[in-house]
Visitor: 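This structure is in structure tokens; I'll ask about it shortly.
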2 protein chains.
Amino acid sequence: MTAPRLLDVAAAAGVSRATASRVLAGTPRNVDPDLARRVEEAARRLGYRTNHSARALRTGTTGTVGVVVPSLANPYFVQLADAIAQQVRAAGGQLVVSDAANSPAIEAEQIDTLLSGRVDGLLVVPVSAAASGPAVRAAAGCAPVVLFDRWAHDSGTVAVTLDNAAAMRLLLDHLDGLGRRRIALVAADQASSSGAERLAAFTAARGADAVTVLLPSFTTDAGRTAGRRIAERRAEVDAVVCGADVLAVGLVSTLQRSAVSVPGEIAVTGFDDTEMLELLDPPITSIRHPLADMAEHALALLQGPPADRAESVERFPPQLVVRASTDADVSP
Amino acid sequence: MTAPRLLDVAAAAGVSRATASRVLAGTPRNVDPDLARRVEEAARRLGYRTNHSARALRTGTTGTVGVVVPSLANPYFVQLADAIAQQVRAAGGQLVVSDAANSPAIEAEQIDTLLSGRVDGLLVVPVSAAASGPAVRAAAGCAPVVLFDRWAHDSGTVAVTLDNAAAMRLLLDHLDGLGRRRIALVAADQASSSGAERLAAFTAARGADAVTVLLPSFTTDAGRTAGRRIAERRAEVDAVVCGADVLAVGLVSTLQRSAVSVPGEIAVTGFDDTEMLELLDPPITSIRHPLADMAEHALALLQGPPADRAESVERFPPQLVVRASTDADVSP
DNA sequence: GAGCTTCGGGAAATCGATTTCCCACACTCT
DNA sequence: AGAGTGTGGGAAATCGATTTCCCGAAGCTC
């Protein structure tokens with residue numbers, strides 16, 4: 001029992017392949033409704049599935065988009081990939097997700113693999129603002145590429161990101177409003193545009209002599225290191241803004257172990273609003289990205305004219321989500 | 001500037017398409033080494049990438065496998081998908097991951113989408129032992145399908161799973177060895193084979209009158225509900241085995257909020273050994289799945305002869321990972 | 001009713017790589 | 001030297017759906 005082909009459906013319905021294709025692919029619907037019904041009926045009866053390889057070969061499009069994220073170990077990127085997947089599926093496509101293991105070299109490899117004729121377009125969350133550019137630029141020469149959540153220098157394409165400066169202002173204003181004055185920053189991964197922008201915005205607002213802890217990577221373990229440093233300087237600090245949720249998680253757990261009360265003594269905020277935050281004790285205040293909107297827009301850019309993908313950065317508005325780690329009165 | 005085709009490479013190297021294909025696809029290497037070098041050189045110079053749609057159409061294989069997991073909101077399934085992805089990539093293929101949103105109906109849909117000529121084979125972590133069977137059986141009629149981590153009734157195919165009964169014994173023996181006698185179980189999702197097997201193994205070992213909390217789903221929130229129930233009955237319990245890590249996370253956080261010390265008053269174990277466990281306070285004892293081995297074996301079954309995929313369940317040995325949630329002496 | 005426009009639908013070319021034949025050439029053996 | 005053997009490589013068929021032409025029929029106008 002070999003799989004039925006379009007030819008078989010056409011024969012069963014008593015029409016030509018051309019007509020069957022027009023009906024099933026939904027191209028210019030100038031087909032007699034009666035014939036159309038016969039074709040659809042035949043297709044159903046035979047259990048016909050269109051062969052996507054053949055379609056892709058003929059049309060030159062695969063209906064698949066790829067996304068390369070820095071690391072799936074960070075739940076924020078899982079959430080991000082999921083938001084993109086939903087938009088892609090809603091449009092009848094498929095998403096392929098690749099993990100760059102936080103390395104620009106592996107990232108370049110993954111981009112290359114995905115580009116080998118398997119995807120119509122590519123969304124990339126670049127690992128590094130400086131080092132990811134060349135690979136992205138090369139890819140953008142072959143297929144539509146849009147950067148997502150972060151940008152890279154000299155990438156040759158558009159980036160759909162969060163307005164990190166506005167987000168930082170939201171957090172600082174919020175803490176200010178609660179009477180916190182000695183605000184520290186825990187920043188990570190200065191190589192990424194988001195890490196760098198968040199640090200820059202903080203410094204712009206609070207001056208260069210505010211307490212700042214710089215860490216190499218966005219991981220919970222880095223957050224614990226930060227927790228130890230902050231605990232040592234607890235006298236100078238009454239609030240900590242973390243550049244990522246995973247940092248905040250590690251930080252809070254370490255602070256609590258050092259008998260620093262959160263938010264009593266030190267208020268803490270995250271960044272990215274991953275789902276795990278609500279489940280901690282206390283739940284952590286964070287910044288929510290409008291991921292669905294961003295994904296929708298990025299996909300539109302992928303499919304739109306190349307002119308819309310000129311190198312530039314588009315920034316979406318962040319949203320502050322207040323939880324008990326800054327304001328104990330908020331119900332958990 | 002249109003993308004170079006095999007024809008262009010062949011012309012540039014002064015050979016026929018056939019020879020160029022033999023060289024680049026690596027089929028029967030009866031090609032003069034000198035010609036081969038010329039072809040490879042030409043391909044590199046022109047920046048040739050083989051068109052996977054065309055190859056797939058001709059060979060009938062896509063080099064892609066799909067995996068359907070119950071929910072990517074559960075970090076265990078992210079880890080599982082990642083383990084499979086690594087094996088697939090090592091073999092030069094691609095992985096497409098789909099999320100069934102914990103619903104057999106959506107699961108059936110995702111299976112159907114993936115099967116439409118886009119994947120060579122399918123790995124499924126079935127949502128439900130009872131309800132997932134029919135869709136899997138239908139899929140197994142069209143393409144190689146292997147169940148992973150869980151099995152389903154009447155699926156018509158082989159399942160590569162963990163030996164849940166052995167895992168439960170490891171946990172109970174460990175707790176026993178620590179002098180814990182009043183052991184409770186927090187079990188979830190009896191509809192899944194893993195949920196059901198873990199409950200059955202616990203009941204077999206401890207008898208039906210041991211304290212047992214049954215929950216609908218594997219989520220952290222369910223874990224908090226369990227935490228409240230256990231806290232109410234704290235006098236009857238000195239250890240809790242959770243059927244999944246996400247449950248343990250919610251449980252521990254709720255117990256601590258109720259001033260129950262872990263492991264002082266109640267020891268807690270998880271199940272699945274997701275990475276987040278090390279980061280909690282205390283880190284949680286759990287069961288590690290040999291995911292890499294399981295993935296390798298499952299992929300071998302996918303590619304092997306259909307006879308090897310007769311309906312059956314293969315069980316891999318679990319490994320106990322002891323952390324401070326059961327044994328305070330273990331360094332965190 | 002002749003001529004013109006529409007419109008539905010069929011025949012066949014097309015997408016690009018793979019693979020089956022099969023030929024030509026070189027080399028070995030008697 | 002002639003026949004036999006093996007091997008590298010080219011011409012062309014093939015995978016299955018889409019899409020461009022193009023033709024015939026039906027509807028319309030005057």
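Here is the naming used below: chain letters follow the sequence lines, and residue numbers restart at 1 for every chain.
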Visitor: Under the side chain to side chain contact (heavy atoms under 4.5 Å, CB included) rule, collect the residues that match up with Gln87(A), sequence neighbours excluded.
Guide: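 Here the qualifying residues are Ala292(A), Ala295(A), Glu296(A), Leu299(A).
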Visitor: State the CG-CG distance between Leu302(B) and Leu123(B), to the nearest 0.5 angstrom.
Guide: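 Separation between the atoms: 5.0 Å.
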Visitor: So do the side chains of Ser53(A) and His52(B) get within less than 4.5 Å of each other, counting heavy atoms only?
Guide: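 No, their side chains stay 4.5 Å or more apart.
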Visitor: So how far is it from Leu162(A) CG to Arg315(A) CZ, rounded to the nearest 0.5 Å?
Guide: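 The CG atom of Leu162(A) sits 9.5 Å away from the CZ atom of Arg315(A).
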Visitor: Tell me: CZ of Arg38(A) to P of dG9(C), nearest whole Å?
Guide: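 Roughly 9 Å, once rounded to whole Å.
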Visitor: Distance only, no hydrogens: is a donor on one side chain within 3.5 Å (strictly under) of an acceptor on the other, for Thr161(A) and Glu314(A)?
Guide: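 No, no side-chain donor-acceptor contact under 3.5 Å.
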Visitor: Return yes if a side-chain donor-acceptor contact under 3.5 Å exists between Thr62(B) and Asp120(B), otherwise no.
Guide: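 Their side chains do contain a donor-acceptor pair, which is all the 3.5 Å distance test asks for.
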Visitor: Whole angstroms only, please: what is the CG-C1' distance between Leu57(B) and dT14(C)?
Guide: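 Value for this atom pair: 12 Å.
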Visitor: How about Thr64(A) and Val96(A): do any of their side-chain heavy atoms sit closer than 4.5 Å?
Guide: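 In short, these two side chains touch, coming nearer than 4.5 Å.
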Visitor: How long is the straight-line distance from SG of Cys142(B) back to CD1 of Ile111(B), given to the nearest 0.5 Å?
Guide: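 Between atom CD1 of Ile111(B) and atom SG of Cys142(B) there are 11.0 Å.
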Visitor: Between the protein and nucleotides 22-25 of chain D, are there any N/O to N/O pairs under 3.5 Å, and if so, what are the atom names and distances?
Guide:
none

Visitor: Send over the distance from Leu35(B) CG to dT7(D) P, rounded to a whole Å.
Guide: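 Taking CG of Leu35(B) and P of dT7(D), I get 17 Å after rounding.
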Visitor: If the sugar-phosphate is the primed atoms plus P, OP1 and OP2 and the base is the rest, what is the B/S/- string for nucleotides 17-24 of chain C, using protein heavy atoms under 4.0 Å?
Guide: BBBB----
